[in-house]
Undergrad: 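Encoded as structure tokens, here's the structure I'll be asking about.
For this chain, numbers begin at 1 and follow the sequence in order.
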Amino acid sequence: EIRPNFPEFDDLYCKYCFVYGQDWAPTSGLEEGISQITSKSADVQHNLVWNFPIDITFKSTNPFGWPQIVISVYGPDVFGNDVVRGYGAVHVPFTPGRHKRTIPMFVPESTSKLQKLTSWFMGRRPEYTDPKLIAQGEGREVTRVRSQGFVTLLLNVVTKDMKKLGYDTSTLDMQTSSVIDMSEGILK
């Protein structure tokens, strides 16, 4: 489930895609997709929710290049043109279970006041030709951006055969041992 939080905007839709390393391969599901348009709810909270499943399976023998999900949010401007309302990315959680991730979103900004004015009149705001760029560090340092809204993802993660490869992703063991260590330290 994906929930946008853009208080000043309405009628939003989202595109998603995955970015991953060379050793990773999707074995089932869709690597990219697009949601329906959501409108603010009639209640006081004015919630926006996209209830569409994202179902994908990856395989790899190397954790390098662990998958990230890239979210791009779009909506109409005052002239009715679809413009980008935010970009964001987050790594798929490493541990199995249900996870909630809130992603701060941002939009690229024009570098001069003349460019800002021209883009407003033309109805064309700056946007990335390839949103996957935001999940990579290269070239991002020269882009001027502005924070704008949040997107919350609810993810269910299942891992398989991680122990065979020497990785321990059991959250229960980690939480139990840290609680025991803390209580032993307090009791001493």
Undergrad: Looking at Arg85 and Gln148, what are the two nearest heavy atoms and their distance?
TA: O-NE2, 2.8 Å
Undergrad: By the definition side-chain contact (heavy atoms from CB on, under 4.5 Å), identify the one residue from Ile34, Ile71, Ile37, Val151 that meets it with Cys14.
TA: Ile71
Undergrad: Would you indicate whether the side-chain heavy atoms of Pro96 and Val158 approach each other to under 4.5 Å?
TA: no
Undergrad: Can you classify the ring geometry of Tyr87 versus Tyr74 as parallel (below 30°), tilted (30 to 60°) or perpendicular (above 60°)?
TA: perpendicular
Undergrad: Report yes if the side chains of Val19 and His91 come closer than 4.5 Å at any heavy-atom pair, otherwise no.
TA: no
Undergrad: Main chain of Ala89, side chain of Gln68: is a donor-acceptor contact present, judged purely on distance under 3.5 Å?
TA: no
Undergrad: For Phe18 versus Leu30, what's the shortest heavy-atom pair and its separation?
TA: CE1-O, 4.2 Å
Undergrad: Kindly write out the residues that satisfy side chain to side chain contact (heavy atoms under 4.5 Å, CB included) with Thr27, not counting sequence neighbours, or none if the list is empty.
TA: Thr57, Lys59
Undergrad: Taking the side chain from Thr38 and the backbone from Trp50, do they hold a donor-acceptor pair closer than 3.5 Å?
TA: no
Undergrad: So, for Pro93 and Leu155, which heavy atoms are closest and what is the spacing to 0.1 Å?
TA: CD-CD1, 3.6 Å
Undergrad: Are any of the side-chain heavy atoms of Trp24 and Phe64 separated by less than 4.5 Å?
TA: no
Undergrad: As an exercise, state the distance from CD1 of Ile103 to CG of Leu153, rounded to the nearest 0.5 Å.
TA: 4.0 Å
Undergrad: Which pair of heavy atoms, one from Val70 and one from Ala135, lies closest together, and at what distance?
TA: CG2-CB, 3.8 Å
Undergrad: Grab the two heavy atoms, one from Phe94 and one from Thr159, that are nearest each other, plus how far apart they are.
TA: O-CG2, 4.0 Å
Undergrad: Do Val107 and Phe150 share a hydrophobic cluster, counting only Ile, Leu, Val, Met, Phe, Trp and Tyr and linking them when any side-chain heavy atoms are less than 4.5 Å apart?
TA: no
Undergrad: Tell me whether Glu32 contacts the main-chain N or O of Lys15 through its side chain, where contact means a donor paired with an acceptor under 3.5 Å.
TA: no
Undergrad: Output all residues satisfying side chain to side chain contact (heavy atoms under 4.5 Å, CB included) with Glu31, sequence neighbours left out; order by chain, then residue number.
TA: Tyr20, Pro26, Ile56
Undergrad: Phe9 vs Phe6 aromatic rings, parallel, tilted or perpendicular, using cut-offs 30° and 60°?
TA: tilted
Undergrad: Between atom CD1 of Ile54 and atom CG of Leu154, what is the distance when rounded to the nearest 0.5 Å?
TA: 10.5 Å
Undergrad: Would one find more than 12 heavy atoms of other residues, nucleotides or ligands at under 6.0 Å from atom CD of Gln22?
TA: no
Undergrad: Could you tell me the separation between the CD1 atom of Ile134 and the SG atom of Cys17, rounded to the nearest 0.5 Å?
TA: 8.0 Å
